[in-house]
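To start, the structure under review is shown below, and the notes come after it.
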Amino acid sequence: MNVGVSGLVAGYANVILDLDGTVWVGDELTSRAAAAVAAMRAAGLGIAFVTNDGARTPEEYVQKLWALGVTAAGDEVVSVGSAITHLLCEREPGARVYVIGSPAIFRHVTDAGHTIVNGTPAAERADVVVAVAHPDFNYRELTIATRALLAGAQLITGGRDRTYPAADGTSPGTGAVTAALEYASGTTARLVGKPDPRVFEVALERLGPGRTLVVGDHLVADLGGAAAAGLDAAIVLSGVTTADQARAATNPAPVAIAPDLATLVLSS
Ligand SMILES: [Mg+2]
C-alpha cells in the first residue's frame, strides 16, 4: 500500500526531523516512523535529520536509522558535531583546539582542518576549547580547559542541556560541563546545539531551496531553534512535550501539533 503525505507536509519542499523523541525514543522508532519517512521520500521531499547528541558520528546515526528500517544517507544527518565543524571552518585552518568530548567530536574538529593539542604541552595554550559531555570526563580535562580559557581561548560547546537520559539513568549533560568551564574561567560559551540555529542552517545548506518544515518534540530546542532559523516547526508529542505545553506555545506557535511523526506526515 502506498500512503501519501498529509496536506500540511505536501506544502513543503523539505523536512528537517529531530531524532530523539521524534524519529525514535531510545532504541525504538516512534509508531510508523519508517513509513512516514518513506512516504515523504516518495512524495519527493528533501529530508534531513538533526540531533543535539554529539556522542556518535553522522555515519553511526545512519547505521542506527538503517538498523531500525529507515533509509538515510550520511549527508542527511546533521549532529551538534557537524555544527561544530561548520563553526570551526570559519576560522583559519591550523588553530590549536583542546577537545573535551567523544571520539566523534575529535573527528569533527579534525575535519575542520585544525590541530588537536590534547596530550601536548600546547594544550593549556589552545586557541579554542570544544566541550561536549562524554562518559570519561574528568578533573584533569576541566583543569587544562580552564587554563586555556583563562589565557584567552574561545569556548565552543554543544549546548546547555543539564542532563540527558543515559542507558543506566539520568546523567549530567553538556550544560553541566559548560557551566563548570564558564564558572571557573569567567568566559561565556558559544553554543552550537539547538536552539542555536546553526544545526538548521547546516541542514538547509544541504537541502537546498524551498519551504522547509522542522518536526521535533522540544519546544525550546526545536520550535525555538526553527524560529531562529526562520523556519516553521511542528511539535510531536512522542518525546518531552505534553499536549497542554504544546498548545500553550504562542511565541512562536507550532504550525501543527500531532501525537507522533506518522500522524503528522501520513495522509490516512
Ligand atoms: Mg528531540
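Start at 1 and go down the list; that is how both ligands and their atoms are numbered.
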| query | What residues form a salt bridge (Lys or Arg N to Asp or Glu O under 4.0 Å) with Arg162, not counting sequence neighbours? | reply | none
| field | Ion pair Arg41/Glu76, N-O distance below 4.0 Å | value | yes
| Between Asp260 and Arg32, is there a salt bridge with N-O shorter than 4.0 Å? | no
Please tabulate, one pair per line, all N/O donor-acceptor pairs under 3.5 Å involving side-chain atoms of residues 22-29, not counting sequence neighbours.
unit_1, atom_1, unit_2, atom_2, d
Thr22, OG1, Asp18, OD2, 2.9
Thr22, OG1, Asp217, N, 3.3
Asp27, OD1, Lys64, NZ, 3.3

| said: Under 4.5 Å side-chain heavy-atom separation, chaining through any Ile, Leu, Val, Met, Phe, Trp or Tyr, what else clusters with Leu142? Say none if it is isolated. | reply: Tyr98, Ile100, Val117, Val129, Phe137, Tyr139, Ile144, Leu149, Leu155, Val177, Leu181
| said: With 2.8 Å as the threshold, which protein atoms of type N, O or S lie near the Mg ion (ligand 1)? Leave waters out. | reply: Asp18 OD2, Asp20 O, Asp217 OD1
| Do the charged groups of Glu90 and Arg198 touch, with an N to O distance under 4.0 Å? | yes
